[in-house]
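None of the values given here were measured: they were computed from a predicted structure. Letters A, B, ... mirror the listed sequences (proteins, then strands); counts begin at 1.
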2 protein chains.
Amino acid sequence: MLSVHQLTCFLATYEQGSLTAAAEQLGYAQPSVSEQIRALEKSLGVQLFRRVGRGVIPTTVADTLRPYAERVLAAVDETQRAAQSVKAFETGTIRFGMFGIARLYAGAGLIADVLARYPGVRVELIGQNSTEVHEDLRRGRLEAAMLAVANADSSGMTVTPVAREELVYISADPAHLATPVTAHRLSLASLVMPETSYRAVDSTRTTLRQMLHETGRNPQTRIEVEDIETAVELVGMGLADSVVPKGAAEQLLPRLAPNAGWVSLRPRQFDTFAIVHRADAVLSPAAQLMIELATQRIRAIAEPVHPR
Amino acid sequence: MLSVHQLTCFLATYEQGSLTAAAEQLGYAQPSVSEQIRALEKSLGVQLFRRVGRGVIPTTVADTLRPYAERVLAAVDETQRAAQSVKAFETGTIRFGMFGIARLYAGAGLIADVLARYPGVRVELIGQNSTEVHEDLRRGRLEAAMLAVANADSSGMTVTPVAREELVYISADPAHLATPVTAHRLSLASLVMPETSYRAVDSTRTTLRQMLHETGRNPQTRIEVEDIETAVELVGMGLADSVVPKGAAEQLLPRLAPNAGWVSLRPRQFDTFAIVHRADAVLSPAAQLMIELATQRIRAIAEPVHPR
DNA sequence: CAGCATCCATAGGAGGTCCCTAGTGCTGAG
DNA sequence: CTCAGCACTAGGGACCTCCTATGGATGCTG
């Protein structure tokens, strides 16, 4: 099997025209280089140098093979430099999960932060829908993610709360927004709720379930959709009301449901944003960077929560 | 140190998404591949795969490095294929020494022969002047050559006679060509002789020295030049006469000295063409090919000599 | 939820490779 | 002819490579 080391010795010998000089250049003893050349000649089945008393003379085969050997060594060198670049975040891809609502809070700004600091990198913010992110995390395809989660779910996952955000009731009917919405009124409302696929672990849903459960009632969702944007649009069309984080309401209502408004719940409820990753994972520098930046972004908008 | 083998294991693992599958593909045991990947990760200083229960997942670093690894392996593959091509004479350079007079007999035709059989090769026919060829042979820069030499000279060289060619006396003065030239007449002639630098071992000169020595006379060379073409031109200008192989006379006189003619020596003298190489050399396939083809060419023109 | 299959990591050992030092033989130059 | 320079050989130590056997973790399934 042809090896990089053999080609290195070959080129040094070719340039120096001498095994001794090549060995000196490479920092080896002369017999070592001699052995490498012999092994290379044997593995290729061709003679590369003629041994002639004083020094060695490249054959025409050596002349032909030299540019190939140089290309191999150049490719190896590029590989190593690429690895160093990736380590220093000069290039490469940083992939991070940020699903659903969290994405609304930090998406574009977060990417801008990364690019400002490391102009060469590619950034992937995974999470068009939440099931995908959850599955990727579980399977290990995604190292870490920023999610809005119910407290301490997910066996085998480490959940680190970062910030919390008030949940507000949104509606196109001003009468629904006159006073804060109680559990009783919530249980009677006709709701559209996003995150269908992830409903069992979705933070907002879990919070609402707890709120209603304390009053002995079950939540009524009339419409189930995947995107929060779709849910807000439906609210704007007057087909149902919904409960979303306040920041999402402020960001989406003017654009998707300009005739709708929002009001607090009573008692006020909060969604928790958290960093989630496998409990056993050692986080890479890229993931740590994204976690740090995403945390800063979220905390600038929502109310910081500091884990004990 | 990064090795080709590590990159092979890396790519197999990346494609298969599993160490076990990669090991099977490569024909190794699973721990071997595992060890190679770990060594590669250590030497690059980056994590390439996340080990996650079932299988391994490439990190973004692995995504980035994969094309580099593929380029290295492609370059290695090209190198090996190039070596095979050279072995089969599909490509590469064939270098052969053919100096002075021999070149006039077989130069262009010999190259045509090689190209007809191996269209991909480059051919170098070394030997603008004879010193160069002799030096290259001695130093080992040239593996073998076809020369016109005196019998069995050159210590450390193997000389294989291939053909012989009559030496003729050429002159622009018809009176000089009326009868065959004897040693006596030769010793009185005003001669221009080529191959100045190589005069001690040149075949024609040696032959003439022997011819004159038997009659107790010394050769008289009025003019010394390097090229046989120059010598013939000088003969055409009537400045001197010369002695050259018959084939050279027939080829050069019409072009360079149309007013000159030739006549035999008495007794007739012959130049010997021979293959010369270092006594210790093992001839490469390329050299053997050139020797075979050059021998055929020379023998088609000059009188064959078969070594005992 | 218990059992099974799958996959990776570790341990230990046989064989090979890499690299060294020391010495030999050959070649070319003075 | 002698000397210096260069490649080869021999032998041994350190390391690497690859194997088998085994253990631990995970995910699927009845």
Side-chain angles (χ1 to χ4, degrees), chain A residues 1-10 12-14 16-43 47-58 134-135 137-141 154-157 278-282, chain B residues 1-10 12-14 16-43 47-59 134-141 154-157 278-282:
Chain A
M1 182 58 192
L2 195 120
S3 83
V4 174
H5 189 200
Q6 288 169 356
L7 294 180
T8 308
C9 290
F10 165 62
T13 304
Y14 187 97
Q16 301 284 338
S18 148
L19 294 179
T20 304
E24 191 176 347
Q25 173 187 323
L26 297 173
Y28 293 130
Q30 174 269 320
S32 305
V33 177
S34 178
E35 189 177 351
Q36 294 301 319
I37 298 291
R38 215 171 312 129
L40 179 60
E41 287 178 329
K42 185 180 169 189
S43 95
Q47 190 182 6
L48 295 171
F49 297 96
R50 267 197 307 287
R51 278 70 165 179
V52 33
R54 209 155 187 97
V56 293
I57 307 285
H134 194 240
E135 189 70 9
L137 274 172
R138 205 170 54 85
R139 298 267 186 200
R141 284 196 292 265
S154 318
S155 59
M157 292 291 177
R278 293 172 62 96
D280 54 359
V282 176
Chain B
M1 182 57 188
L2 195 121
S3 82
V4 174
H5 189 203
Q6 289 169 355
L7 295 179
T8 307
C9 290
F10 165 63
T13 304
Y14 187 97
Q16 301 284 337
S18 149
L19 294 178
T20 304
E24 191 175 349
Q25 173 187 323
L26 298 173
Y28 292 131
Q30 169 266 319
S32 304
V33 177
S34 179
E35 190 177 351
Q36 292 301 321
I37 297 293
R38 214 170 315 127
L40 179 60
E41 286 178 329
K42 187 181 171 189
S43 95
Q47 189 180 9
L48 295 171
F49 297 96
R50 268 198 303 288
R51 278 70 165 177
V52 32
R54 208 158 188 92
V56 294
I57 306 285
T59 64
H134 194 241
E135 189 69 10
D136 285 352
L137 273 173
R138 207 171 52 84
R139 296 267 187 201
R141 285 197 292 265
S154 318
S155 59
M157 291 289 178
R278 293 171 63 96
D280 54 359
V282 176

Handout entry: Rounded distance in Å - CD1 (B/Ile37) to C1' (C/dT10)
Key = 17 Å
Exercise for the section: Find the distance B/Glu24:CD to C/dT6:P and express it as a whole number of Å. Expected result: 12 Å
Completion exercise
Between NZ of A/Lys42 and C1' of C/dT17 the distance, given in whole Å, is 12 Å
Handout entry: Value in whole Å for how far the P atom of C/dC18 lies from CG of A/Leu40
Key = 12 Å
Completion exercise
A/Ile57 atom CD1 is separated from D/dC6 atom P, nearest whole Å, by 13 Å
Practice task
For residues A/Leu2 and A/Leu7, determine if any side-chain heavy atom of one lies less than 4.5 Å from a side-chain heavy atom of the other.
Solution key: yes
Completion exercise
d(B/Thr8 OG1, A/Met1 CE) to nearest 0.5 Å is 5.0 Å
Problem - Divergence of helical axes at both termini of the helix from C/dC1-D/dG30 to C/dG30-D/dC1 - five pairs an end, 10° steps - result: 30°
Practice task
Using a cut-off of strictly less than 4.0 Å, decide whether B/Arg51 has a side-chain nitrogen or oxygen near OP1 or OP2 of C/dA9.
Solution key: yes
Problem - Backbone N/O of B/Leu48 and side chain of B/Thr59: donor-acceptor pair under 3.5 Å - result: yes
Fill in the blank from the handout: A/Arg50 CZ to D/dC6 C1', in whole Å, measures 17 Å
Fill in the blank from the handout: The contact string for nucleotides 14-20 of chain D, one letter per nucleotide 5' to 3', using protein heavy atoms under 4.0 Å with B, S and - for base, sugar-phosphate only and none, comes out as ---BBBB
Problem - Distance test, side-chain N/O of A/Ser18 to OP1/OP2 of D/dA7, below 4.0 Å - result: yes
Exercise for the section: Considering just the side-chain nitrogens and oxygens of B/Ser34, establish if one lies under 4.0 Å of OP1 or OP2 belonging to C/dA9. Expected result: yes
Handout entry: C/dT6 phosphate, OP1 or OP2, under 4.0 Å from B/Thr20 side-chain N/O
Key = no
Practice task
Mind checking the OH-CZ spacing from A/Tyr14 to A/Phe49? Nearest 0.5 Å is all I need.
Solution key: 8.0 Å
Handout entry: Whole angstrom value for the distance that separates P of C/dC19 from CZ of A/Arg38
Key = 14 Å
Using atom types as modelled, flag every donor-acceptor pair under 3.5 Å from a side chain in residues 19-37 of chain B to any protein atom, sequence neighbours excluded.
| from | atom 1 | to | atom 2 | distance (Å) |
| --- | --- | --- | --- | --- |
| B/Gln25 | OE1 | B/Gln16 | NE2 | 2.5 |
| B/Tyr28 | OH | B/His5 | NE2 | 3.4 |
| B/Ser34 | OG | B/Arg38 | NH2 | 2.8 |

